[in-house]
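Here the structure comes first, spelled out in structure tokens, and everything after it is commentary.
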Amino acid sequence: MKPSRRSVLKGFGALAAMPWLISANRAFAAAPTRIGVIGAGSLGGTVGRLWVKAGHEVMFSSRNPDELQAMARQLGPRASVGLPMAAAEFGTVLLLAVPFEALPQVGRDLRNAYRGKIVLDATNPWGANSSDVYREAREEGVAQTVVKYMPGARLVRAFSAVDATAVQASSSRTSGRIGMPIASDDAEAMRVAAELVRDTGCDPVVVGNLAASASFQPGGPGFRAHLTAPELRRRLGLPATG
């Protein structure tokens, strides 16, 4: 079943106090982080490039990593390329940006590499699809389905509600940056995700636990909203922060 409105609202409250935790631990992501990008398409490529420019070490991956070599050369020595397994082993933090139908196979193939690591989940089921994983996402919720296929990962729903072009545009602004909704059951993983969101030129908006991420999955009010952080908080009914 989909998360009930009650459980979603409960999630808002459960992690509503997390912004102070985030600000108190900015040092974690202030140091360069090794990040593996699983799926270097439009979103993964855009976000990964911004992380390299922010000083992080990033391995971009796809099934055809040779096609990514030119991009890595342009980005310099902090960028590298490899197969998904290599990127999953490389990163202390991973960005999962693969097609949703690939989730079961990715979860199986990379399990030993991602277990215990922070995984920023940017996946979404798109359009009509009769596959089991799409059916499960419709019935159980997107986050709950990802948890099923990524056991042992420290999941944060992040970069899932925004378009790559909006992230790129926000990165060059000095004001009016877009708010990035994030949700997790893991407080430390949420802190790390928030800092990495800031490093792309966006403002993190802590929505709540994974159940609360239903508010910004496809069909939710926060999906592709591309609002500033204060505007997004108002739309989602979250408390304003200072």
Side-chain angles (χ1 to χ4, degrees), residues 26-103 105-124 126 150 153-156 158-174 177-178 180 182 189 192-204 226:
R26 299 192 65 170
F28 186 101
T33 302
R34 289 164 62 99
I35 304 170
V37 175
I38 314 300
S42 178
L43 181 72
T46 297
V47 173
R49 285 193 292 271
L50 293 172
W51 280 333
V52 171
K53 292 177 182 178
H56 300 293
E57 297 178 40
V58 179
M59 179 178 285
F60 298 86
S61 73
S62 77
R63 289 176 295 179
N64 301 292
D66 288 347
E67 297 175 358
L68 306 174
Q69 290 286 0
M71 176 185 67
R73 284 195 295 270
Q74 292 176 348
L75 289 171
R78 288 191 296 269
S80 58
V81 302
L83 291 168
M85 177 57 81
E89 292 174 339
F90 170 85
T92 59
V93 176
L94 307 180
L95 173 66
L96 184 65
V98 299
F100 201 74
E101 57 266 29
L103 186 60
Q105 182 175 350
V106 169
R108 286 192 305 270
D109 292 350
L110 306 185
R111 184 166 301 180
N112 291 336
Y114 69 69
R115 189 179 296 275
K117 293 183 178 181
I118 295 171
V119 177
L120 310 185
D121 170 36
T123 64
N124 281 304
W126 285 104
M150 300 286 289
R154 301 172 63 189
L155 283 169
V156 184
F159 297 99
S160 60
V162 295
D163 184 80
T165 56
V167 176
Q168 183 65 55
S170 185
S171 70
S172 61
R173 297 175 188 162
T174 56
R177 307 195 319 175
I178 65 168
M180 179 77 68
I182 59 177
V192 175
E195 284 308 310
L196 291 175
V197 165
R198 290 189 180 97
D199 286 343
T200 65
C202 301
D203 292 326
H226 298 153

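All values derive from a computational prediction rather than experimental measurement.
The distance from the CG atom of Asp121 to the CD1 atom of Ile182 is 13.0 Å, given to the nearest 0.5 Å. For the atom pair CD1 of Ile118 and OG1 of Thr33, the computed distance is 9.0 Å after rounding to the nearest 0.5 Å. For the atom pair CD1 (Ile178) and OG (Ser171), the distance works out to 9.5 Å, reported to the nearest 0.5 Å.
In this structure, Leu120 and Val93 have side chains that are in contact, with non-hydrogen atoms separated by less than 4.5 Å. In this structure, Val58 and Phe90 have side chains that are not in contact, with every pair of non-hydrogen atoms separated by 4.5 Å or more. For the pair Lys117 and Thr92, the minimum side-chain heavy-atom distance is 4.5 Å or more. At least one side-chain heavy atom of Met59 sits less than 4.5 Å from a side-chain heavy atom of Ser80. In this structure, the side chains of Leu196 and His56 come closer than 4.5 Å at one or more pairs of heavy atoms. Residues Leu103 and Leu96 form a side-chain contact, since some pair of their non-hydrogen atoms from C-beta on lies under 4.5 Å apart.
In this structure a side-chain-to-backbone donor-acceptor pair under 3.5 Å is missing from Thr123 to Val98. At least one donor-acceptor pair closer than 3.5 Å links the side chain of Asn124 to the backbone N or O of Ser160.
Partners of Met85 under the side chain to side chain contact (heavy atoms under 4.5 Å, CB included) rule, at least two apart in sequence or in another chain, are Glu89, Leu110, Ala113. Tyr114 pairs by the ring-ring contact (aromatic ring centres under 6.0 Å, His included) definition with nothing, not counting sequence neighbours. Scored by the ring-ring contact (aromatic ring centres under 6.0 Å, His included) test, Phe100 finds Tyr134 as partners (sequence neighbours excluded). Shown here are the side chain to side chain donor-acceptor pair (under 3.5 Å) partners of Thr200, two or more places apart in sequence or in another chain: there are none.
Contact between Arg177 and Asp203 at its shortest, heavy atoms only, is NH2-OD1, 2.7 Å. Closest non-hydrogen pair, Val162 versus His226, comes out as CA-NE2, 3.5 Å. Considering every non-hydrogen atom in both Ala122 and Leu43, the closest pair reads CB-CD2, 3.5 Å. Residues Gly44 and Phe60 come closest through the heavy atom pair O-CE2, 4.1 Å. What you find for Val156 and Ala193 is that their closest heavy atoms are CG1-CB, 3.7 Å. The minimum heavy-atom distance linking Arg154 with Gly116 is given by the pair CD-O, 3.3 Å.
Contacts classified as side chain to side chain donor-acceptor pair (under 3.5 Å) and involving residues 61-78 (residues at least two apart or in different chains) are not found. Residue pairs satisfying the salt bridge (charged side-chain N to carboxylate O under 4.0 Å, His left out) criterion with at least one member in residues 158-169, sequence neighbours excluded, are listed as follows: Asp163-Arg224.
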Check the pair Thr46, Arg49 against side-chain contact (heavy atoms from CB on, under 4.5 Å), reporting the backbone distance first and the verdict last.
-> CA-CA 5 Å; Thr46 297; Arg49 285 193 292 271; 3.5 Å; yes
